[in-house]
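Written out below as structure tokens is the structure these notes cover.
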Amino acid sequence: MLGAGLAAAFALSAPAPVAAKDTVSLGIVAFLSGPAAGPYGVPGRNGAEMVIEAINNGTLPAPYNTKGFAGATVAAEYIDESGGNTKQVSEYRNLVQKREVDAVVGYVSSGSCAAIAPVAEELQKLTVMAVCGTPRIFEEAPREYVFRTMSHATADNIAAAHYVKEMMPEVKSYTGINQNYAWGQDSWRDFTLAMSDLMPDVKVSDKPQFPKIFAGQYGSEISALSLDDAELVHSSFWGGDFEAFILQATPRGFFQQKKVVLTVGGVSAYRLGKRLPDGVAIGSRGPYGILVRDRDTPLNKWFVETYHKAYGEYPSGAAYQYAQAILATKIAYDKAGEAAGSFPDEKQVRDALKGLEFESFAAPVKMALGNGHQAITEHMYGIVQWNESAGQLELRDVKVYPAECVMPPADKTSVEWIEAGMPGAKC
């Protein structure tokens, strides 16, 4: 009787197993209107949509060809990231508290992510950030519920400095034009610090330009940059700002006057095509888009061919980045469910995502920083070249930089590491 009583008491106190679910609901946030929609938000949504359909049908390439998230069908609700941080926080609370989504995936803008991260922790909801670049998300506070599945902006700018040293060793001075908020400020800071390490004799201008995000008109800034003696111009412009800058600067002969490195230029490469000036150096925030279009792996070939067939164009960086966030979430659900022997709860999913290493569509991903919440990947740059006979944009002199070359170690912030001379970098 005593043994039976203890068994009964234990049964009453033990947590009940998590019931199987038919559906996992995701809120997916991307710019669906405004100047960032065309180059970033719509391709991001398309990449997520395409991969979710393949997950639900079990048609992703192996080893990801099991159906659903731990067997559950994925249902997605798409939310517009436009409208500012206050609106995004309100939308996020609505997704979590009223619509009761199982997870939130997305966000492009660093401002959005900076606003959402503390709210996600407050509401204790799994949130997988697909793009936003500021390193501050995980360097300024520990996170339990927030993850980011691609490298942050430090990699963009350290890789850019390496590329300048390797491909433009004759440069003697540089300046920049970057948006005046966390993303642009962090990008310029990291680039200048990396340049001081890698090319200490190169002079930095005291007149870099910081226009307001989404300003749209850059005539005065282009004039100021043209008058600056600096030979090289660095820019982390993205979305509509990037495209407006290119289209406004080109008729003025700006790209014949200056060498230019564009850390996010690859995202708009297909949209601009021939209008993207020959000779500029571009990145795509990692191994994405035009930089990896011809990479010969089963996952990448499937992604490029399926996206082109579905949308009539090649996948840009944003398409890859959103697809990668969805894939990581699936892997975490599947891994957690397998370990639990039943449908996993949110904590089990978060534990599975923490420190995860996986092969994505273009390259391996390691959740190596931020106590396993921040990813690192290799990084790439190349020089734009229009192929008239083929009628398409191509890249030459493409260079690949290992993740451990361009991202800080786990025990250092980005600034600490660069200021110390990037000790231990494996290039």
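Note that the numbering runs from 1 along the sequence shown for the chain. Only a predicted model underlies this, so the values are computations on that prediction, with no experimental measurement involved.
Between atom SG of residue C113 and atom CD of residue Q88 there is a gap of 10.0 Å, rounded to the nearest 0.5 Å. Annotation: the span from Q179 atom CD to F210 atom CZ amounts to 10.5 Å, rounded to 0.5 Å. Atoms OG1 and CG, from T413 and L369 in turn, are 11.0 Å apart once rounded to the nearest 0.5 Å. Atom-to-atom distance recorded for S205:OG and D228:CG is 3.5 Å, nearest 0.5 angstrom. Atom OH of Y40 and atom OG of S316 lie 8.0 Å apart (nearest 0.5 Å). Rounding to the nearest 0.5 angstrom, the gap separating the CD1 atom in I177 from the CD1 atom in I222 is 6.5 Å.
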Could you go step by step and tell me if F147 and T127 meet the side-chain contact (heavy atoms from CB on, under 4.5 Å) rule? CA-CA 6 Å; F147 295 81; T127 301; over 6 Å; no

Taking it one step at a time, do S360 and L327 satisfy side-chain contact (heavy atoms from CB on, under 4.5 Å)? CA-CA 8 Å; S360 189; L327 178 62; 4.0 Å; yes

How far apart are the C-alpha atoms of E404 and K366, what are their side-chain angles, what is the distance that settles it, and do they pass the salt bridge (Lys or Arg N to Asp or Glu O under 4.0 Å) test? CA-CA 11 Å; E404 292 80 4; K366 298 179 182 179; 3.4 Å; yes

Please test Y107 against V131 for side-chain contact (heavy atoms from CB on, under 4.5 Å), starting from the C-alpha separation and ending with a verdict. CA-CA 6 Å; Y107 299 104; V131 183; over 6 Å; no

Verdict with supporting geometry, Y381 and Y401, ring pair (Phe, Tyr, Trp, His ring centres under 6.0 Å): CA-CA 9 Å; Y381 274 87; Y401 301 99; 7.2 Å; no

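Taking all atoms of both residues into account, the shortest heavy-atom contact from S25 to E100 is OG-O, 3.8 Å. Taking both residues in full, the closest heavy atoms of F254 and S226 are given as CD1-OG, 3.5 Å, listed atom of the first, atom of the second, then distance. Of all heavy-atom pairs between I246 and R275, the closest is CG2-O, 3.6 Å. What you find for V74 and N56 is that their closest heavy atoms are N-OD1, 2.8 Å. Across all non-hydrogen atoms, the minimal contact from K330 to G68 is NZ-O, 2.8 Å. Of all heavy-atom pairs spanning G265 and F242, the tightest one is CA-CZ, 3.5 Å.
The residues K399 and E378 are annotated as not salt-bridged, no charged nitrogen and carboxylate oxygen being separated by less than 4.0 angstrom. Ion pairing between E81 and K87 fails under the 4.0 Å rule for side-chain N and carboxylate O. Using a 4.0 Å cut-off between charged nitrogen and carboxylate oxygen, D186 and R189 count as a salt-bridge pair. Between K172 and E231, no side-chain nitrogen of the basic residue sits less than 4.0 Å from a carboxylate oxygen of the acidic one, so the salt-bridge criterion is not met.
Put simply, the side chain of K125 never gets that close to the backbone of Y92: no donor and acceptor are under 3.5 Å apart. Checked by atom type and distance alone, the side chain of R143 pairs as donor or acceptor with a backbone atom of I137 at under 3.5 Å. A donor-acceptor distance shorter than 3.5 angstrom exists from the side chain of N57 to the backbone of E53, with no hydrogens or angles considered. Judged by distance alone, with hydrogens and angles left aside, the side-chain atoms of Q321 form no donor-acceptor pair with the main-chain N or O of G44 at under 3.5 Å. Side-chain atoms of D190 do not come within 3.5 Å of backbone N or O of A153 as any donor-acceptor pair. Between the side chain of Q248 and the backbone N or O of G216, at least one donor-acceptor pair lies under 3.5 Å. A donor-acceptor contact shorter than 3.5 Å is absent between the side chain of W386 and the backbone of L276.
Within the 4.5 Å cutoff, side-chain heavy atoms of I326 are placed close to those of L26. Looking at heavy atoms from C-beta onward, T154 lies out of side-chain contact with V406 at the 4.5 angstrom threshold. Between V204 and T175, the closest side-chain pair of non-hydrogen atoms is not below 4.5 Å. Looking at heavy atoms from C-beta onward, W238 lies out of side-chain contact with S236 at the 4.5 angstrom threshold. With contacts defined as side-chain heavy-atom distances shorter than 4.5 Å, the pair R93/V119 qualifies. Residues L272 and L247 are in side-chain contact: their nearest non-hydrogen atoms beyond the backbone lie under 4.5 Å apart. Counting heavy atoms from C-beta on, the side chains of F237 and P211 come closer than 4.5 Å.
Applying the disulfide bond (SG atoms under 2.5 Å apart) test to every pair with at least one member in residues 376-427, sequence neighbours left out, gives these pairs: C405-C427. For residues 195-218, no residue pair satisfies the salt bridge (Lys or Arg N to Asp or Glu O under 4.0 Å) rule, not counting sequence neighbours.
Ring-plane geometry between F255 and F245 is classed as perpendicular, the angle between the planes exceeding 60 degrees on a 0 to 90 degree scale with a lower cut at 30. Ring geometry for F31 versus F214: interplanar angle over 60°, hence perpendicular rather than tilted (30 to 60°). The aromatic rings of W302 and F361 sit parallel to each other, their planes meeting at less than 30°, with 60° as the upper class boundary.
For the 3.5 Å distance criterion, the side chains of N46 and Y322 fail to qualify, holding no donor opposite an acceptor. No hydrogens or angles considered: a donor-acceptor pair under 3.5 Å links the side chains of E139 and S414. Using modelled atom types and a 3.5 Å distance limit, the side chains of N387 and Q392 yield no donor-acceptor pair.
Not less than 6.0 angstrom separates the ring centroid of Y307 from the ring centroid of Y314.
With Y145 as the aromatic partner, R350 meets the cation-pi criteria of under 6.0 angstrom to the ring centre and within 45 degrees of the ring axis.
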